[in-house]
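What follows is a short report on a single structure.
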Amino acid sequence: MAAFRVEVRVMPRASLLDPQGQAVEHALHALGFAEVGTVRVGKHLVLQLIAASRDEATARARSMCDRLLANPVTEDFEVAVESA
Amino acid sequence: MERVAVVVFPGSNCDADTLAAAREAGTDAYFVWHRDTDLQRADIAILPGGFSYGDYLRSGAIARFSPIMRAVAAHAQAGGPVLGICNGFQILCEAGLLPGGLMRNARLKFLSRPVRVRVEATDTPFTRLYGPGEELTVPIAHGDGRYVVDPRAAAELEAGGRVVWRYLGDNPNGSTNDIAGVCNAGRNVVGIMPHPERRTTPVLGGQDGARVFHSMEARHATQHAGAVRALGSQHSRV
């Protein structure tokens, strides 16, 4: 068994309105950052976990996303695993 | 008298109002704690409004794994009526008992004010005493009230007459098709964002919400009349 650090990125689905992202986008424009295009706001979760392998850690983390960490109707997620 | 279980989660805050509205309508309503594992022979289950688990992660995301939710799902699958109000609606969506999900209001602001809605479906256990197309004034109080569902599921909801309440005029939260409430395919599980329990008596500004609760007891009266009729015909056959 080995320790892994898992980073989960959860984003509102691209096809759905992201009012938080829009508000941040407008605020950046108001501050003079005219180069900013679209902004989207999501969540970043960092988990420490023990698994037999990197593949198992990834599979477990994806299962956590399916069941709890992301809503399959409204959000997409990405999982990145590295040795802790 | 219908037995109505009002589920209390940590962070529920409309549970007492909901219990009072259900009792006022003549039901035998009682609280069930979220860690309980059975609904104590409930005829109807209600998930009230509030901020279960502080809305952490997503509204309703953690509450949907509370032990009582197994009993709620079993009750729903057996055809038992389940009503989710506001946070209760969010929990039912997270639990997969209703389609879609509820996201941050389009204009980001938490909204607490009366809105106008139209009753679109009267063939549910919670709307049978309303007239089709009847217009109501009921309060909303939510930050995550924007109902979203993919276009195919939205078309299914519309075609199946499963939009129960729809916002009239200005859509307060940007919900798909102005949806304020939906039901499942079996029509026994209903979720609504507005708070009917806050509009049950003139002193609260109106009583447009009261019939949600009276409808539960009316269902009982209809069933009871059916049972008596069945008994009567059996008797005449003897």
Side-chain angles (χ1 to χ4, degrees), chain A residues 4-31 33 36-51 57-81, chain B residues 52-66 69-70 73 87 89-111 142-157 171-179 182 184 191:
Chain A
F4 294 91
R5 175 188 155 94
V6 177
E7 298 202 14
V8 178
R9 190 166 68 182
V10 181
M11 294 298 291
R13 181 146 302 152
S15 58
L16 297 175
L17 176 71
D18 174 17
Q20 262 195 102
Q22 285 183 343
V24 173
E25 182 184 319
H26 293 152
L28 287 172
H29 289 163
L31 288 171
F33 294 102
V36 174
T38 308
V39 178
R40 295 186 73 78
V41 175
K43 296 189 190 97
H44 186 201
L45 298 96
V46 180
L47 321 174
Q48 310 286 343
L49 63 86
I50 304 290
T58 305
R60 294 291 287 169
R62 296 192 71 85
S63 170
M64 292 172 205
C65 289
D66 288 336
R67 292 200 61 201
L68 175 67
L69 302 180
N71 181 323
V73 178
T74 59
E75 295 170 325
D76 293 309
F77 65 86
E78 283 172 20
V79 171
V81 179
Chain B
S52 56
Y53 290 92
D55 280 349
Y56 295 156
L57 194 62
R58 293 179 308 278
S59 300
I62 299 178
R64 75 86 126 200
F65 291 108
S66 278
M69 287 305 293
R70 276 178 188 269
N87 188 223
F89 185 11
Q90 295 162 340
I91 295 168
L92 290 175
C93 287
E94 284 284 342
L97 292 171
L98 287 174
L102 291 137
M103 299 184 77
R104 186 64 47 88
N105 292 345
R107 279 162 278 175
L108 294 174
K109 205 172 159 189
F110 187 98
L111 300 170
H142 60 241
D144 295 331
R146 176 169 45 111
Y147 183 74
V148 299
V149 66
D150 68 66
R152 211 174 89 186
E156 267 176 38
L157 287 175
N171 177 335
N173 51 39
S175 66
T176 303
N177 296 7
D178 300 332
I179 288 171
V182 298
N184 66 342

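Just so it is clear, the structure is predicted and the values come from calculations on it, not from any experiment. Just so it is clear: chains get the letters A, B, ... in the order the sequence lines come, proteins before strands, and each one is counted from 1.
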Euclidean distance, B:Thr176 OG1 relative to A:Leu17 CG, rounded to 0.5 Å
10.0 Å
Residues in side-chain hydrogen bond (donor to acceptor under 3.5 Å, both in side chains) with B:Asp178, at least two apart?
B:Asn171
Chain A contacts: which residues in residues 143-150 of chain B have a non-hydrogen atom closer than 4.5 Å to it?
B:Arg146, B:Val148
Output a table of donor-acceptor pairs, distance under 3.5 Å, between side-chain atoms of residues 62-73 of chain A and any protein atom two or more places apart or on a different chain; print 'none' if there are none.
residue	atom	partner	partner atom	Å
A:Asn71	OD1	A:Val73	N	2.7
A:Asn71	ND2	B:Glu94	OE2	3.1

Portion of A:Glu75 that has a non-hydrogen atom of chain B nearer than 4.5 angstrom:
side chain
Anything in residues 37-51 of chain A with a heavy-atom distance to chain B below 4.5 Å? Please list those residues in order.
A:Lys43, A:Leu45
Of all heavy-atom pairs linking B:Gly101 and A:Thr74, the shortest is CA-CG2, 4.3 Å
Looking only at non-hydrogen atoms, find the nearest pair between B:Ala106 and A:Pro19 and report the distance.
O-CB, 3.1 Å
If you count the non-hydrogen atoms of other residues, nucleotides and ligands that lie under 6.0 Å from CZ in B:Phe110, is the total more than 12?
yes
